[in-house]
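Report on one structure; see the data block that follows.
This is a predicted model, so every value here is computed, not measured. All ligand and atom numbering here is 1-based and tracks the order in the structure. All values below were derived from every heavy atom in this structure, side-chain atoms included, with hydrogens, water molecules and symmetry-related copies excluded.
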Amino acid sequence: MFIEKQDSAVSDAIKNETKRQNKGLELIASENYVSKAVLEAMGSVFTNKYSEGYSHKRYYSGNEFVDIIEDLAIERAKQLFNAEHVNVQPYSGSPANQAVYIAFLNLGDKFMGMSLAMGGHLTHGHKVSVSGMHYNAIPYGVSKETETIDYDEIREIAQKEKPKLIVSGATAYPRKIDFKKLKEIADEIEAVSFADIAHIAGLCCTGFHENPVPFFDVVSTTTHKTLRGPRGAIIMCKEEHAQKIDKAVFPCLQGGPHDHINAAKAVAFGEALKPDFKKYAEQVIKNAKALGESLQDFDFRLVSGGTDNHLLLVDLTNKNIPGKEAETILDESGIYCNKNMIPFDTQSPFNPSGIRLGSPALTSRGFKEDEMKQVGEWINRVIENKSDESIRKKVKEEIKELCKNFVIY
Ligand code: DSN
């Protein structure tokens, strides 16, 4: 590698990160492993290019090959999600969502989104995000009894508040989202229907979760979670909104697109169109369920009682361990996950009552139900023996051994 000779500090960090990824268990629900082809496209010469504007209408010369990759990414995304219009230029999920608000809202306008504390996302109206600062964000959540989305409550709030836009989608919600119902609620008050499917995009495009793209006004998604592409995002919308969305992305919010990333998006969408990706998505759900069942056998409480998708939210209250400590001791054992608020959490976001676990990355490695059950056993052993450092060392070794059979790169 050239970098090894030129810059050992960065090169060593890359090597160590590769080792860490190979030896440990990635359970962060928003992470995944891209293919070597996607990695190659990201590290390609397209990083050298400026191409402000859109395909065949650029501000600089020399864009004939950039146009090819951007057109490919658009066409493949359209086919994957059955979309009328696609903008592949958003740098990532947060700017993609900001572009949607810019397209449809004026400063101070009212919109509704799921609160972060209940499983939503910062960009769905949290007060520390520009979405909550520039607009009047009205939150909705889940029912206290079922810990699932309460559509009647959303309808009630929507009828009372009359927001101009309703955003649906979540980052820590283990159940299916009824997009048809949310569309009905938005239609009743003539609000813009906007879905952020970042977490579940790989399930939506393969039929394992309802796909809102054909009937929602606008849908955003990151490309690096269940979709298993490069770090980035896209926005899909009805043809009637195409111009508004494109203008909001460029020139309103962003400058030149990241062409190397868009090349990688095209490659990833090509992979997602293949039959193997459907099998992958199906296994992601089976693996999340298997992990959930294993944890339940060890008396862990799962928020809402289980999962329909790629993630689990685990309430650690009965295990007498705060989320932060659980995250730390699991990390020390080679198990990577994140502390997470549970609905109606009485603790702070910095040390909440739960952890979030996801199956997309381990499924990409080739894990099946049996391995996921073993992962549940390891999590239990580490948490049950939280003051015993030797258990963490032992688990880390056992994980390393298993991972030798599931090499990533
Ligand atoms: N940070 C992402 C997640 O972990 O869900 C969302 O942006």
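Between T171 and ligand 1, no pair of N/O atoms sits closer than 3.5 Å.
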| Test log, rule side chain to side chain contact (heavy atoms under 4.5 Å, CB included), inputs H85 and H241 | CA-CA 8 Å; H85 178 79; H241 306 309; over 6 Å; no
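Among residues at least two apart or in separate chains, there is no ring-ring contact (aromatic ring centres under 6.0 Å, His included) pair with a member in residues 325-359.
Ring orientation note: the planes of Y54 and F250 are nearly perpendicular, at an angle over 60° on the 30°/60° scale.
Distances from ligand 1 to the non-hydrogen atoms of H199 include at least one value under 4.0 Å.
Under a cut-off of 6.0 angstrom, the local environment of NZ in K162 is crowded, with over 12 non-hydrogen atoms contributed by other residues, nucleotides or ligands.
Close approach of ligand 1 to R356 is summarised as follows: ligand atoms under 4.0 Å from at least one heavy atom of the residue are 3 (C), 4 (O), 5 (O).
For atom 7 (O) of ligand 1, the closest non-hydrogen atom of the protein is H121 NE2, 2.9 Å. Of all protein heavy atoms, the one closest to atom 1 (N) of ligand 1 is S30 OG, 4.5 Å.
At least one test fails for K110 against the ring of Y135: distance under 6.0 Å to the centre or angle within 45° of the axis.
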